[in-house]
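Have a look at the structure below before the remarks.
Sequence lines set the chain letters: A, B, ... in the order given, protein chains first and strands last, and positions in each chain run from 1. Reckoned from all heavy atoms, side chains included, excluding hydrogens, waters and symmetry mates. The structure presented is a predicted model; accordingly, all values stated were derived computationally and were not measured.
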There are 2 protein chains.
Amino acid sequence: MTDKKIIPMSDDIEIPPRRPLTLRDVSEASGVSEMTVSRVLRNRGDVSATTREKVLKAAKALGYVPNKIAGALASSRVNLVAVIIPSMSNMVFPEVMTGISEVLDDTPLQPVVGVTNYLPEKEEEVLFEMLSWRPSGVIIAGLEHSDASRAMLRAAGVPVVEIMDVDGEPIDAVVGISHRRAGREMARAIVKSGYQNIGFLGTKMPLDHRARKRFEGFTEALAKEGVEVMDQEFYSGGSALAKGREMTDTILKRSEDLDFLYYSNDMIGAGGLLYCLEKGIDVPGRIGLAGFNGVELLDGLPRKLATMDSGRREIGREAARIIAGRSDGSITEGGQRVELTPKLEPGMTLRRYR
Amino acid sequence: MTDKKIIPMSDDIEIPPRRPLTLRDVSEASGVSEMTVSRVLRNRGDVSATTREKVLKAAKALGYVPNKIAGALASSRVNLVAVIIPSMSNMVFPEVMTGISEVLDDTPLQPVVGVTNYLPEKEEEVLFEMLSWRPSGVIIAGLEHSDASRAMLRAAGVPVVEIMDVDGEPIDAVVGISHRRAGREMARAIVKSGYQNIGFLGTKMPLDHRARKRFEGFTEALAKEGVEVMDQEFYSGGSALAKGREMTDTILKRSEDLDFLYYSNDMIGAGGLLYCLEKGIDVPGRIGLAGFNGVELLDGLPRKLATMDSGRREIGREAARIIAGRSDGSITEGGQRVELTPKLEPGMTLRRYR
DNA sequence: ATCGGAGAGGTTAGCGTTAACAACGCAATA
DNA sequence: TATTGCGTTGTTAACGCTAACCTCTCCGAT
C-alpha cells in the first residue's frame, strides 16, 4: 500500500496499465484483501456471494489474468504434463497428442510438447528443459533413453509414462504395443497367405527403435518358417509417398522374384501400392503389400493396403489417464503396464489364398 | 544458513532426496553461496574457474535441475512463446511448427502449443491459459478472434504475431498470405486454361475463415470473367482422402458438365485425382483439378496435382523471427506485416491449352 | 605508501501467489 | 448473559530464485 510507483503520464483518460496487473490491483479495485480475491478466482474456501461478485466484476473490468508462475511457486503445484515425442511431421504423433488432449481436457492438466527429432542428445535437452518447469507428469515416447535422461526421469519424482512400445525395461509406467510381436504377426500372416519371396522397405533405422524391433520380430518369425528376407531397401528424408514409389521401383528391378513387400510404415506402403497399380502389377496376386500403423489416409487409396493398427490415439488416452489418475490421487500405485494389441487389417493387398 | 531443517532419517548412506533439490542444496554441497551457484548455472557475472567447476560438479552429482518457475518469477522473464493453432491433424500446422522451431532453436525461446479446434470459445480459453504463464510472445493463427481474445492479446504487453492470413486488421504483427488473392489467382489460371464449368469442393467453413476467403476471392475473380461456380460440395470430418473421392463422385454425378474441380485443400484434391484416374476420366483434358497448400504428399501421386503453395514453413519462420527479434531487443518497433506470395504450381492437372 | 579499480563472491529484498492460521461478527445454544 | 461455533475475511510467512547492491582482496600505477 505504501510503494505506489509514480509514473509520469500524459493526460489521456484511459491509461493503459503498463505494469502488469496483479492480485493487488484487483483487491484494491474491489476493496477486499488479496487473499479473498485469490479465493474467489480459484473457487476455493467460503466467500460470500456478494463479495464473490464484486471481485469477479473488478477482475473482469481490469482484464486481470492470474499469474500462474507465482501461483505455481506458492502452491508447488503445476498443472502441466510434459509430452516428449520424436517428431511432429509423422502423423503418428499428432494422433497420440489428440488422444492425450481428449483425456486431459477433462482435467486441470495441460499437455506441453517437446520434440526430439529422434536424437538422444536432443531428448536429454528437451527433458531437462521441461523438468525445469516441474510438470506434474511426463509422457515420453520409447523406452530407449540416455543414462542421464533416465536418471532425470527417476529423480523428477513425478509419474512417468513411456509410450508406443512395451519391449524393454520401463522406468515407471508403459503404454504401447509390442513392435516385435507386430512384426512377428505380420510375418506369419504373410507366409500363411502363401508368399515366399519377401522384401522389406523401411527407414534407415539406427535411431528408430520401434521400426527396428518390428523388423527384428519380422525376420525372427520368418526364420521360424524357414523363410529369409530376400531383399531390403532403406530411405531417409523426403516425401514418404514418393520415396515409397522410388524404393519399390528399385527393389523390384533388383529382385524380380519378390512376391511380397513389407513396408515399415503406411505412407511408403501407399507409395508402393500406387506404383504397383500404375505399372499394372497384380496386387495381391503377383505381389502382396503391407504397411504399418493404420493411418486414416489408407481409406482413400484405390485399394485398401494391409496394415496393422498401432492404436496411437488409444495409447495417448491411456497414458493421459494414468497421469491424470496419479495426479488427482485416484491411482496411488505406480509402474502400470498397458499392452495394447495391434490389430491386423488385411485390407485387399494380403490374401493370395482364400 | 540458519534454518537448516532437521529431517529424521534412517541410517542409509544414500538417502534418496525426496524433497526436490534447490539451489541451497547445491550451494551447501559446493560450499559457496546460492547466488554464486545461480551465477554459475546461468553463466553470468564473474566466477573463478575453480569455483565454477566445483559448483558444476556438485550440481551434476546431485542431479540438480533448476526451477524455472522460481527463476521466472524472480526475473520476470519467461522464455516461452505461446503458439495457438486450430488443429494438429491438418499437416499444415505441424509444418508451421517446424518453421517456428527451426528459428527458436537458435534462441533461448521455446514454443508452447495450444490447440483450439477452430472454436472461438476454445481459443479464448487456451489464450487465457497461456497468457497466465506470461509468455514472451504470442503466435496465433488467423485474424478473427473474439473481442475478449483481442482485448487479452492487446493487454498482454508482449509481441503478438497473427499468422497464415493477411486479409484483415491485425492486432500487432502479421505474417501470411492473402487467401482472397490465392483464390483469385487460381480462378484466373483456371479460366485462362480454358475451363468454364467449374465446381468447388471444400470443408463446411463457417469457422475456417481462410478457406472462406479463398472461396470468396475465387468466385469474385470468376465473376469478373463472367463465369459462375456451377456446383459445390462440402464435407466435414473423416479421412480427407476418402472424402475427396466421395465428394468428387457425388458432384460429377450431379453435374455432368463440370470440367474443373477446385478443392479447398490438397488432401481432398488428391482423393479426387485418384478417383478420376480410376474412373478413366481424362485429367486434365476432360476435367482439370486443383488443390491448395502444396503439401509434400503430392509428390508421390500418380500425377502432380495443381496447387498453390501456402509457404507454411516460411510463415512459421518469419513469425518466430519477429518474436525472437523483439524479445532480444534487435527489433524495437511493432506492427510488422509480412505478406508472402503463394506460388501457383500447375502440376499436370491444370493445362488444357498450351 | 596510497589509491583506484577490477575480480570474486556475499547479502538483502523482493517477484505474485497460496497455505496456514488468526480474528472477527453474528446467530444459536446453554 | 455467556458460550460455542460457523461462516467469512484478513495476516503472515513461505515458495526458489535473481537484481541490485555491497564487501573484500589483490595488484598495478602513482
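- What you find for A:Ala324 and A:Leu109 is that their closest heavy atoms are CA-CD1, 3.9 Å.
- If you check C:dT17, D:dG16, C:dA19 against the side chain of A:Leu23, the one that comes closest is C:dT17.
- Side-chain atoms of B:Thr22 lie closest to D:dG16 of the nucleotides D:dG16, D:dT18, D:dG7.
- Taking CD from A:Glu95 and OG from B:Ser89, the interatomic distance works out to 8.0 Å, rounded to the nearest 0.5 Å.
- Residue whose closest nucleotide on DNA chain C sits further toward the 5' end, between A:Ala72 and B:Val47: B:Val47.
- In this model, a donor atom of one side chain and an acceptor atom of the other lie less than 3.5 Å apart for A:Thr51 and A:Ser48.
- Separating the CD atom of B:Glu34 from the P atom of C:dG10 is a distance of 10 Å, rounded to the nearest angstrom.
- Taking 4.0 angstrom as the limit, A:Arg42 places a side-chain polar atom (N or O) nearer than this to OP1 or OP2 of C:dT18.
- Taking CD from B:Glu28 and CG from B:Leu62, the interatomic distance works out to 10.0 Å, rounded to the nearest 0.5 Å.
- Straight-line distance from the NZ atom of A:Lys54 to the P atom of D:dT8: 13 Å, rounded to whole Å.
- Regarding A:Asp46, its CG atom lies at a distance of 9 Å from the P atom of D:dT9, rounded to whole Å.
- Dashed line: the shortest gap from a side-chain N or O of A:Arg77 to OP1 or OP2 of C:dA19 is under 4.0 Å.
- In this entry the distance linking CG of B:Leu41 with P of D:dA19 reads 14 Å, nearest Å.
- Following rounding to the nearest Å, B:Glu28 (CD) and D:dG16 (C1') show an atom-to-atom distance of 14 Å.
- For B:Arg44, no side-chain nitrogen or oxygen approaches OP1 or OP2 of D:dT18 to under 4.0 Å.
- Atom CZ of B:Arg52 is surrounded by more than 12 heavy atoms from other residues, nucleotides or ligands within 6.0 Å.
- The bend of the helix from C:dA1-D:dT30 to C:dA30-D:dT1, defined by the angle between the axes of its first five and last five pairs, stands at 50° to the nearest 10°.
- Spacing between atom CG of A:Asp25 and atom C1' of C:dC15 amounts to 14 Å, rounded to whole angstrom units.
- Phosphate contact (OP1/OP2 of C:dT17, side-chain N/O of A:Tyr64, threshold under 4.0 Å): present.
- Residue A:Asn67 is in sugar-phosphate contact alone, with no base atom involved, counting any heavy-atom pair closer than 4.0 Å across all strands shown.
- As a whole-Å value, the separation of A:Lys68 NZ from D:dC15 C1' is 17 Å.
- Going from atom CE of A:Met35 over to atom P of C:dC24 covers 19 Å, rounded to whole Å.
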query = Can B:Glu53 and B:Lys57 be said to form a salt bridge (charged side-chain N to carboxylate O under 4.0 Å, His left out), step by step?
reply = CA-CA 6 Å; B:Glu53 251 159 65; B:Lys57 220 183 80 192; over 6 Å; no
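- Among C:dG10, C:dA19, C:dG16, the nucleotide with an atom closest to any side-chain atom of A:Leu73 is C:dG16.
- Distances shown here put a side-chain N or O of B:Ser38 below 4.0 Å from the OP1 or OP2 atom of D:dT18.
- Nearest to the side chain of A:Ser48, among D:dC17, C:dT18, D:dT8, sits D:dT8.
- For the pair B:Thr51 and C:dG9, the criterion of a side-chain N or O lying under 4.0 Å from OP1 or OP2 is met.
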inquiry  = Set out, in order, the CA-CA distance, both residues' side-chain angles and the distance that settles side chain to side chain donor-acceptor pair (under 3.5 Å) for A:Asn90 and A:Ser87, then state yes or no.
reply    = CA-CA 6 Å; A:Asn90 194 294; A:Ser87 154; 4.8 Å; no
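- Atom CG of A:Leu80 sits about 7.0 Å away from atom CD1 of B:Ile69, to the nearest 0.5 Å.
- The side chain of A:Thr36 places an N or O atom within less than 4.0 Å of a non-bridging phosphate oxygen (OP1 or OP2) of D:dG10.
- Phosphate proximity of D:dC17 to B:Ser75: absent, as no side-chain N or O sits under 4.0 Å from OP1 or OP2.
- The base of D:dG10 sits with one of its N or O atoms less than 3.5 Å from a complementary donor or acceptor on the side chain of A:Arg39.
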